[in-house]
Amino acid sequence: MEIFWYIIIAVVLAMFFILDGYDFGTGIIHLFFAKEEKDKEVIAKSAGLFWDSNEVWLVAAGGMLFMAFPTFYASVFSGFYLPLIIVLWLIIFRAIGLEFRSQFKFQMWKDIWDVSFGVSSLLLALFFGIALGNVVRGVNLGGVENGVSAHEGHYFFLPLWDSSFSPLTEHPGVIDWFTIIIGLISVVTLAIHGANWIILKTNSTINNKLKGVIFKLNIALAILTVFSLIIWQSVNPNSLDNFANKPYLLIFPVIYLIGLVGLFFIKKIKKDVHAFLLSSLLIVGGITSSLASLFPVILPSVNKTHEHLTIYNTAASEYGLSVAFNWGIIGFILLIGYMIIQKRLIGGKIDNMDYGH
Amino acid sequence: MEDMIFYDRLQFAFTITFHYIFPQLTMGLSLMIVYFKWKFLKTKIEKYNNAAKFFMKIFAINFTMGVVTGIPMEFQFGTNWAKFSELTGGIIGQTLAMEGMFSFFLESSFLALFIFGEKLMGQKLHFLTGFLVFLGSWASGWFILATNAWMQHPVGYEILENGKFVLENFSALFTNPWLLPAFLHNQFASVVTSSFVVASIGAFYILRNKQTEYGQLFLKTGVIFGLISSVLVAFPTGDWNAKNVAKYQPASFAAMEGIFETEKEGAEIVLIGQPNMVEKKLDNKIAVPNILSFLTYQEWDKQIPGMDQFEKDELPDNIPALYYSYHIMVGLGTIFIGIMALSVFFLWRKKLHKIKPLLWTIMFLVPFPYIANITGWYTAELGRQPYLVYGLLRTSDGVSPTVSSGNTLFTLLGFVALYMLLGLLFLVLVGKTINVGPRHKTH
């Protein structure tokens, strides 16, 4: 049952990053590449129509994590207190940026909300990457100092940064040079994904230019990926053991590689939806590879005193997980139904769709 | 440690108060939108359809606000109340996850379809999407109330040696005797808010002599829904809840009613008075003897335990705030019934739209159902103190063990600043929508 819920939550999280991920990416592209008002409007609209139903996946992931792995939920949410609250604020700025820009017609008003949408999307992409970096790197569970624990073994607290910005100190902060690199990978990946979304859903004048942008970003992504793997080895020498022991897990890095290699052919891809699927593979592959490298651990401990948090020592009771299995199945069927209905009705290009009323 | 709990509690109170401005309108309004749309299907008169679409615009603004202020609520269980989450997540995680899965998805998916899909779907399907939005928002209320009901009156659990609450009986979460009365009371109260908003916009249009056709429709619909829901909030649902509090949380009942000393011959009902915590009595009290005993137990001389019967650490920690919240809620609720009954009387005599003082009253009444709803929630939450899970887990034991008060104050200040901005923008947008009115075409 623990494994079932672990997989379900991973799927829901991956869905969130595929769906809301293109909103973040759209914001990043909007910030740097949209110059004409007509493009700005249609690009903002391509995220604005969908962000709220995409964000539901985050709420669902949070709720399921709370239900299935309460100890993990409590530990991680309180341990990463400041970055999480900052993410909440950014989510608010992102949402109001999208919802309010079309409410008044004058340019100054629109400019304010464009910046709100773009900058918060960029920072959200960065922060989600940093979060993943933190989970992969591990934290000082129990707040151990000189062998003495400050808290119970499954609690910790991380400041935003430590003055050395090094992942190898005894007290790494949330932001260090390893997590920053994972954060950058997230920004670049989601920017590619967002650009693909814009090409898929709009007729904006920068669509052709964006294909070139995707190509260049993809080069950067390939370099960052290799770089991060090398650093990962130095941060955590055992990081790839899981793949060596269970070779079938290599399917996840392969998914990532297919996306990465495929996107180099962006200019030759005929159907826009294929490019979008390739960047979705990047996201799925990236998340699942990170999770698979840790499994069954979900938060490594960097000290020897306290054991890692795993899906087994943080899970709710067997009865609770089984009951939730029953309603979870019904819920999932309904969910997929809604998505199909929604995609059928709001499919295709959205340039002429009414919005903002 | 005391400071730490103080800021955590203040942050939760502030963020939930601000959040609850929005769902209380959307839950009630979704019912009225379904009513307008149904009226249109039946009569084919265009103004009902325009009314439904107009209020869906106001709904959508409120929904956005509700979503962005609602996500922090879910996250704060973990960020600020980690110990509580760890110990009870196996139980309340069920209802919270179900809320996300069954109601929030339903509501947000079909809201987009209702707003964008009228031409694509035809009128009957459009009505259906509206109905599903209503269903989603009320189901949300149901799961949230189920969560809260468990905290007020825990059922279906087992406590392990390490202090963890483990689910023992899933269906008990939904047959909890606390749940149905609380849910109905809460939902009718949200219909009070929405009907007062609808009536208020109607009164505004009539007084401004603008879009008066819609003014008449909104006023009429608003006061009729308003009267029905105001009555249902008080009786039977309010009465039913008060009896539950008397039965399951007698210490809270004594505190919210302001009974300092037990009276052997039956308890009086306090109308006005200020709790004096030093001398343990009410100052300037106006009370009617024996009424409380009768209302609660239908026996004039039934003894009701006062606060003198309970240990200090079993009583709510902020008795004056609890007492005022409860009395403000009850007082406003009573006034609502009076004003709405008067309005419906004049509506029946076909004079309502001409009686200016009453129209002005209806227009300016709009903040008060919000206050009544929020003080109602304060009554429930302050009354549950000093516990998070009544009788079992104290509030001071539920807080995050590693988050310092300096960090909590920082985020509290951030939330205050951000929500001020949100509130301002919200008012501007709703004001603009009302000013443009339902007849405006967006094309």
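Protein chains get the first letters and strands the later ones, always in sequence-line order, with residue 1 at the start of each. The model shown is predicted, which means the values in this text are computed figures rather than measured ones.
With hydrogens and angles disregarded, a donor-acceptor distance shorter than 3.5 Å links the side chain of B/Gln94 to the backbone of A/Gly320. No donor-acceptor pair closer than 3.5 Å links the side chain of B/Thr402 to the backbone N or O of A/Gly79.
Ring-plane geometry between A/Tyr338 and B/Phe110 is classed as perpendicular, the angle between the planes exceeding 60 degrees on a 0 to 90 degree scale with a lower cut at 30. Aromatic ring pairs are classed by plane angle as parallel below 30°, tilted from 30° to 60° and perpendicular above 60°; the pair B/Phe77 and A/Phe66 is tilted.
For A/Phe332, the parts lying near chain B are the backbone and the side chain together; criterion is any non-hydrogen pair under 4.5 Å. Using a 4.5 Å cut-off between heavy atoms, B/Gln11 touches chain A through its side chain atoms alone. With a 4.5 angstrom heavy-atom cutoff, B/Leu132 does not touch chain A via any of its atoms. Heavy atoms closer than 4.5 Å to chain A are found nowhere in B/Phe143, neither backbone nor side chain. Only the backbone of B/Glu168 comes within contact range of chain A, judged by heavy atoms closer than 4.5 Å.
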### Message
Apply side chain to side chain contact (heavy atoms under 4.5 Å, CB included) to residues B/Val428 and A/Phe104 and explain how you reach the verdict.
### Response
CA-CA 11 Å; B/Val428 169; A/Phe104 290 96; 3.9 Å; yes
Are A/His154 and B/Glu86 close enough, and set up right, to give a side chain to side chain contact (heavy atoms under 4.5 Å, CB included), and what steps lead you there?
CA-CA 10 Å; A/His154 49 279; B/Glu86 181 196 345; 2.9 Å; yes
Please assess B/Phe105 against A/Val59 for the test side chain to side chain contact (heavy atoms under 4.5 Å, CB included), listing each intermediate value before the final yes or no. CA-CA 9 Å; B/Phe105 266 116; A/Val59 176; over 6 Å; no
Quiz prompt | B/Lys164/A/Thr71 under side-chain hydrogen bond (donor to acceptor under 3.5 Å, both in side chains): CA gap, chis, key distance, verdict | solution = CA-CA 10 Å; B/Lys164 277 193 187 170; A/Thr71 307; 3.0 Å; yes
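Taking CE of B/Met101 as the reference point, atom CE of A/Met64 lies at 4.0 Å (rounded to 0.5 Å). Rounded to the nearest 0.5 Å, atoms OG (A/Ser78) and CG (B/Asn80) are 9.0 Å apart.
Considering only heavy atoms from C-beta on, B/Phe170 stays 4.5 Å or farther from A/Asn326 through its side chain.
Contact count against chain B (heavy-atom pairs under 4.5 Å) is highest for A/Trp57 among A/Phe93, A/Phe80, A/Phe72, A/Trp57. The most heavy-atom pairs under 4.5 Å with chain A, out of B/Leu113, B/Leu425, B/Ile92, come from B/Leu425. Interface check for chain A: of the options B/Thr88, B/Leu422, B/Leu87, B/Leu106, the most heavy-atom pairs under 4.5 Å are formed by B/Leu106. The greatest number of non-hydrogen atom pairs below 4.5 Å with chain B, out of A/Leu335, A/Ile341, A/Ile330, A/Leu65, is found for A/Leu335. The residue among B/Leu418, B/Ile91, B/Leu96 with the most heavy atom pairs within less than 4.5 Å of chain A is B/Leu418. Between chain B and the options A/Asp52, A/Ile91, A/Leu84, A/Val56, the largest number of non-hydrogen pairs under 4.5 Å is found for A/Val56. Taking chain B as the reference chain and counting heavy-atom pairs below 4.5 Å, the highest number among A/Leu58, A/Leu334, A/Leu82 is found for A/Leu82. Most heavy-atom pairs under 4.5 Å with chain A: of the set B/Phe84, B/Phe410, B/Phe102, this distinction falls to B/Phe102.
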Identify every side-chain donor-acceptor pair in residues 62-75 of chain B under 3.5 Å, counting partners at least two apart or on other chains, and give the distances.
from	atom 1	to	atom 2	distance (Å)
B/Asn62	ND2	B/Ile58	O	2.9
B/Thr64	OG1	B/Ala60	O	3.0
B/Thr69	OG1	B/His19	ND1	2.9
B/Thr69	OG1	B/Met65	O	2.7
B/Glu74	OE2	A/Gly63	N	2.7

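For the pair B/Lys83 and A/Tyr155, the cation-pi test (distance below 6.0 Å, angle within 45°) is failed.
Between A/Ser53 and B/Ser108, the shortest heavy-atom distance links the atoms CA-OG, 3.9 Å. Residues B/Pro401 and A/His151 come closest through the heavy atom pair O-ND1, 4.4 Å. Across A/Ala316 and B/Gly90, no two heavy atoms sit closer than the pair CB-CA, 3.9 Å. In terms of heavy atoms, A/Pro70 sits closest to B/Gly89 at CB-CA, 3.7 Å. In terms of heavy-atom proximity, B/Thr79 sits nearest to A/Phe77 at CG2-O, 3.2 Å.
Within a 6.0 Å sphere centred on CH2 of A/Trp161, heavy atoms belonging to other residues, nucleotides or ligands number 12 at most. Annotation: B/Gln123, atom CD; neighbour count of heavy atoms from other residues, nucleotides and ligands within 6.0 Å is above 12.
Shown here are the side-chain hydrogen bond (donor to acceptor under 3.5 Å, both in side chains) partners of A/Tyr73, two or more places apart in sequence or in another chain: there are none.
Donor-acceptor pairing under 3.5 Å is lacking for the side chains of A/Tyr319 and B/Asn169.
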